[in-house]
2 protein chains.
Amino acid sequence: MTASLSDIAIRAGVSVKTVSGALHGGSARMSEETRQRIKEIAEELGYVTNFAARSMRQGWMPLVGLVADDLITSPFATEIIRGLDGAVRAADMAVFAMTLGGHRSIASILDEMRRFRPRAIAYAAMYHKSVDLPPEFADAVGVMINCRDANDRVTSLVPDETGAALEITNYLIDAGRRNIAFINLPGLLAGELRELGFRRALDQAGIDGAGAIVLPAVSKAIYSDRAHSLVATHVQALMNGPRRPDAILCGNDRVAMEVYAALRREGAAIPDDVAIASFDNQVEIASRLDPPLTTMALPHRAMGRQAAQILLAEDRAPVGVQKLPFQLVERASV
Amino acid sequence: MTASLSDIAIRAGVSVKTVSGALHGGSARMSEETRQRIKEIAEELGYVTNFAARSMRQGWMPLVGLVADDLITSPFATEIIRGLDGAVRAADMAVFAMTLGGHRSIASILDEMRRFRPRAIAYAAMYHKSVDLPPEFADAVGVMINCRDANDRVTSLVPDETGAALEITNYLIDAGRRNIAFINLPGLLAGELRELGFRRALDQAGIDGAGAIVLPAVSKAIYSDRAHSLVATHVQALMNGPRRPDAILCGNDRVAMEVYAALRREGAAIPDDVAIASFDNQVEIASRLDPPLTTMALPHRAMGRQAAQILLAEDRAPVGVQKLPFQLVERASV
DNA sequence: TTGAAAGCGCTAACAG
DNA sequence: CTGTTAGCGCTTTCAA
């Protein structure tokens, strides 16, 4: 099929070892002339290194495994892969991603991944959550991205939800807004943590936090894109209620998109009557809304990069949860 | 490190061959009791098959390589991977994706992929285009997805752009529209082919095709999301011009999103005054627009599935370009 | 039914 | 500086 080192060796009249050294720059130095000749023959024969064979000696393939609960197919979280891939590539390895679709268990997919003998494995979630990693896999997984192990046995990287909510709420307050409603994502860890930050910001500003309005974006107990949206109803009620908001904080950019439509129906201007801010920075949407949306960008890219650092570091990172900051993207909706 | 077959063999007091047969169901039958015992020991030792070692004998890893020009990080084309992954997984293999980011050449990334000895390789493009595959790789790549080889040496799967434009235009005509403007994507193969279908539909309906209005969505010669948008300008001009359109066909859903905003400014109602239709079906946007957008869904999933069929088939598919149909998604904008 | 041995392509250890 | 050899874990062939 494909040429091997020994094919080249025969053709060049040298030993396999010499060829190996010539092509992969083993420390042993050899006459530059021989090296060049070997390289030419390799080229001519269309030689391609066989990583599987190499891995038999090394013990692992030059791979970093990424097991994701549905990540690859999620539109904007692909930034995690970008960040990871860049850093992993710099170490001459490749990212091998597997998606936990359908009804496969975490255990089975991790086992499948291990068959390929990756150097390290990361587990990533599509949205910030707590994951119950089977105990026997706690040390197969080197880092958790956008999620944390329910039993805190693995280093994890998560977005600083509370901090982000605090920051964006303060931003609204600084813009002079006092009646801020929050249309949050129900049933999600992210939503819970953000509500904390939201209320804290109001408290700190001396705004009547007790009366803070927090409403769920959908009628189901757990937010999902397919659940029946309550956004239109909420916005209508808010705008015609006793305490008209001068700002609405949205759980994500899709919710914001719906809020825009609802406000338009009420004849309210953004940001003059009502300022809008949100979480995610799903660029395709956020930058195209009219006016463009001010939103807190999730630190997906940074989590990916950081994960690579941790996985490729010589010594194991101390177990713990690292919170990465969101980035405020100022546009024109506030 | 990890247990090997021989570790199990020693522990079970049998030969390696027996263990291999017991675990991987080699045709040789053995006493069910032995098999069971071996399986238990394997479990206990945490045995995980080593694909690299297996591949030394088989000649290839149980992988289908996917080389993509930027696909993985593109939001909605991930459907290609979904389709591919499902079919590949059914054959007990995994998809190994690599992205051609930065300034790496196609040749270098294909070579890198081949180091892992995948069973087959697919090349995918983020948007429908012609790709100049280096000649020496023409038979390393088994199928091209969403693109075609500039020299037609590889089987390729592409969306039927012309057919889709024909269909959606006819749909608008059937809805009684006669003044249809097309805000197309300039500089892209897809746009070119769609314009063909658009004009053909008008001709066939006996509508003055010569006067058909086709306008570019951006000011640059080649469409991109970052280029300066002309949508607002065009819509304003159209709505205040001599030939007010009663329908606007958009190059993609993001363009449609901007058209919605522009029409709103003109005080035009959708679909009563102007019907809107588009290409892509970027669900996050299309289903959330107000009114929800009628659009032609790209056959990404189908291309992925079909690619797997071709790659895994015993005999090589005849070289040629297969056009896959879009799917009309009827919502409320027409 | 099971065992022994060879060999896949590569690198590391040891000789020359 | 270069060659020889062993061995990684697995499957396959040949023997028992």
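Naming: A, B, ... by sequence-line order, numbering from 1 per chain. In this text, all values refer to a predicted model and were calculated from it rather than measured experimentally.
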Exercise. When you check the phosphate oxygens OP1 and OP2 of C/dC8, does a side-chain N or O of B/S55 lie under 4.0 Å from one of them?
Worked result: no
Exercise. For A/S15, what residues pass the side-chain hydrogen bond (donor to acceptor under 3.5 Å, both in side chains) criterion, not counting sequence neighbours?
Worked result: A/T18
Problem set entry | side-chain N/O B/T18 vs C/dT2 OP1/OP2, d < 4.0 Å | no
Exercise. Side chain of A/S224, backbone of A/R226: donor and acceptor closer than 3.5 Å?
Worked result: yes
Problem set entry | Interatomic distance where CZ belongs to B/R115 and C1' belongs to C/dG9 [whole Å] | 15 Å
Problem set entry | salt bridge (charged side-chain N to carboxylate O under 4.0 Å, His left out): pairs with one or both residues in residues 122-140 of chain B, sequence neighbours excluded | B/D69-B/K129
Exercise. Rounded to the nearest Å, what distance is computed from the CG atom of residue A/L5 to the C1' atom of nucleotide C/dG9?
Worked result: 7 Å
Exercise. With a 4.0 Å cut-off on heavy atoms, is B/Y47 in touch with a base, just the backbone sugar-phosphate, or nothing at all?
Worked result: sugar-phosphate
Exercise. Closest nucleotide of DNA chain C for A/S4 versus for B/S15: which of these residues is on the 5' side?
Worked result: B/S15
Problem set entry | By side-chain hydrogen bond (donor to acceptor under 3.5 Å, both in side chains) - contacts of B/R301 (at least two apart) | B/E79
For this session: Return no unless some side-chain N or O of A/R57 is found under 4.0 Å from OP1 or OP2 of C/dC10.
Result: no
Exercise. Checking all strands, does B/V14 fall into the base, sugar-phosphate, or nothing category for heavy-atom contacts under 4.0 angstrom?
Worked result: sugar-phosphate
Problem set entry | For DNA chain D, the dot-bracket pattern of Watson-Crick and G-U pairs whose distances stay under 3.5 Å, | for other-strand partners | ||||||||||||||||
For this session: Send over the distance from A/D7 CG to C/dC10 C1', rounded to a whole Å.
Result: 13 Å
For this session: Starting from P on C/dC10, measure out to CD1 on A/I8 and report it in whole angstrom.
Result: 8 Å
Exercise. Does OP1 or OP2 of D/dT11 have a side-chain N or O of B/S20 closer than 4.0 Å?
Worked result: yes
Exercise. Rounded to the Å, how far apart are A/H24 NE2 and C/dG9 P?
Worked result: 14 Å
Seminar exercise, completed: From CH2 of A/W60 across to C1' of C/dC10 the rounded distance in Å is 14 Å
Exercise. Whole Å only: how far is the NZ atom of A/K17 from the P atom of D/dT5?
Worked result: 16 Å
Exercise. By salt bridge (charged side-chain N to carboxylate O under 4.0 Å, His left out), which residues pair with A/E40, not counting sequence neighbours?
Worked result: none
Exercise. With sequence neighbours excluded, what pairs up with B/V16 under the side-chain contact (heavy atoms from CB on, under 4.5 Å) test?
Worked result: B/L5, B/S6, B/A9
Exercise. Is there a side-chain contact between A/V321 and A/L157 (heavy atoms, below 4.5 Å)?
Worked result: no
Exercise. To the nearest angstrom, how far is A/M56 atom CE from C/dA12 atom P?
Worked result: 14 Å
Exercise. Can you tell which of C/dA13, C/dG9, C/dT2 lies closest to the side chain of B/T34?
Worked result: C/dT2
